[in-house]
Amino acid sequence: MKTDAPNPNAIVWFQDRYVRLGEANVNILTHALNYGTGVFEGIRGYYEPAGQEMFLVRMPEHYERWKRNCSILRIHIPLSPPELSEITAELCRRNSFRSNVYVRPIAYKSSARIGVATDENDAYALIALPFGHYFETKRGIRAGVVSWRRVEDNAIPGRAKICGAYVNSVLAGDEARLNGHDEAIFLTESGHVAEGSTCNLFMVRNHQLITPPGTDNILEGITRASVMELARRELKLDVVERSIDRSELYICDEIFFTGTAVEVTPVTEVDHRPVGTGETGPITKSLGALYADATRGRMPAYRNWLWPVYSSAIIEKTA
Ligand SMILES: Cc1ncc(COP(=O)(O)O)c(C=O)c1O
């Protein structure tokens, strides 16, 4: 299946100014294209037609993570998370988005030459595009453990969203889909459950919510942190970060994935075995609903997770 090219007239932030996507191009010799030396992020914006407002979710946290992770590859981004957030909100306004969006910040080693050694030439861009659901989040999906192992921290740090490391995710996702699943489950080299190819994994056993720790080669997801907070504060659940054995996936009550793109996605089948009853479990359902409410501005206690796009322009103008 081939996908359509994005709208070339969409406005993006590239080389320190707003330009059309069709003009935001890089040289074929760009270091990041040849060697994978980029670090990206993914941020969602939810449009609420009733209030004609869009909320960008946990945007400064995403930019903080991005900047910290860029330092692993020694890529420098000159702007602060609040400055990057302001530009992103303006990007959404300039595109007049009236639908959900996905924001893709990408920073990269930008020298156009042959040679693996890096230098000080860094660049970054911010792109926002309309975006729907990644998976069928209501019905649940089928997941399968793949033969590819999750990249080890001492090979390519998986916590950093490094472009080159996503070859690992591509191989895993392809294998899972060719084997009749919707998403992959990675094990670590030591055989413990790490995460999906693009998302974190949670399991429910005996009313406890369990997820692998940051040291099991996972991407330390912002949605993962949000769901853990909702589980503790709203459902009073015991939330535990510990290594998970593969066979626990077969005997647990519920499994779900979390991520900016996948949101809270129930897993109803794992390695061709039903998870629990084979239907979306009650804790998964509650957390999915809470996450949807919190990210759409329907829970005042979590309004600090949201950056409003359209009303913030009014505030800026009147300030
Ligand atoms: C490998 C991987 N794990 C987990 C996640 C979820 O992270 P977050 O919730 O911060 O989007 C992602 C997101 O892109 C990912 O690529």
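Numbering of ligands and ligand atoms starts at 1, following listing order. On a predicted model such as this, the values are computed, not experimentally measured, just so you know.
- For ligand 1, the atoms closer than 4.0 angstrom to any heavy atom of Glu195 are 1 (C), 2 (C), 3 (N), 4 (C).
- At a 3.5 angstrom cut-off on N or O pairs, Ala261 does not count as close to ligand 1.
- Scanning all protein heavy atoms for the shortest distance to atom 7 (O) of ligand 1 gives Leu219 CD1, 3.3 Å.
- Assignment of Gly42 to the shell around ligand 1 is not supported, since no heavy atom sits closer than 4.0 Å.
- Put simply, part of Arg65 is less than 4.0 Å from ligand 1, judged by heavy atoms.
- With hydrogens and angles left out, the side-chain atoms of Arg104 and Tyr102 include a donor and acceptor closer than 3.5 Å.
- Among protein heavy atoms, atom 9 (O) of ligand 1 sits closest to Thr223 OG1, 2.6 Å.
- Using a 4.0 Å cut-off to heavy atoms of Asn200, the atoms of ligand 1 that qualify are 4 (C), 6 (C).
- Residues Trp66 and Tyr124 bring no donor and acceptor atom of their side chains to less than 3.5 Å of each other.
- Numbered from 1 in the order shown, with element, the atoms of ligand 1 that lie under 4.0 Å from a heavy atom of Gly221 read 7 (O), 8 (P), 9 (O), 10 (O).
- No donor-acceptor contact under 3.5 angstrom links the side chains of Glu263 and Thr223, judged on distance only.
- Of the N or O atoms in Tyr166, one or more lie within a sub-3.5 Å distance of an N or O in ligand 1.
- A donor atom on one side chain and an acceptor atom on the other are not found under 3.5 Å apart for Glu229 and Ser226.
- For atom 12 (C) of ligand 1, the closest non-hydrogen atom of the protein is Thr198 O, 3.2 Å.
- Between Tyr166 and Phe40, the ring center distance clears the sub-6.0 Å criterion.
- Distance from atom 11 (O) of ligand 1 to its nearest protein heavy atom, with residue and atom name: Thr260 OG1, 2.6 Å.
- In summary, the side chains of Thr268 and Glu279 do not present any donor paired with an acceptor at a separation below 3.5 Å, with no hydrogens or angles considered.
- Short contacts between ligand 1 and Lys161, defined as distances under 4.0 Å to a heavy atom of the residue, involve ligand atoms 12 (C), 13 (C), 14 (O), 15 (C), 16 (O).
- Counting heavy atoms under 4.0 Å from ligand 1, residue Glu220 does not touch it at all.
- With hydrogens and angles left out, the side-chain atoms of Asn217 and Thr188 include no donor and acceptor closer than 3.5 Å.
- Contact check for Glu183 versus Ser197: side-chain heavy atoms found under the 4.5 Å cut-off.
- Tested against Phe202, the residues Phe256, Tyr291, Phe257 include a single ring pair (Phe, Tyr, Trp, His ring centres under 6.0 Å) partner, Phe256.
- Residue contacts with ligand 1 include Ser197, since one of its heavy atoms falls under 4.0 Å from the ligand.
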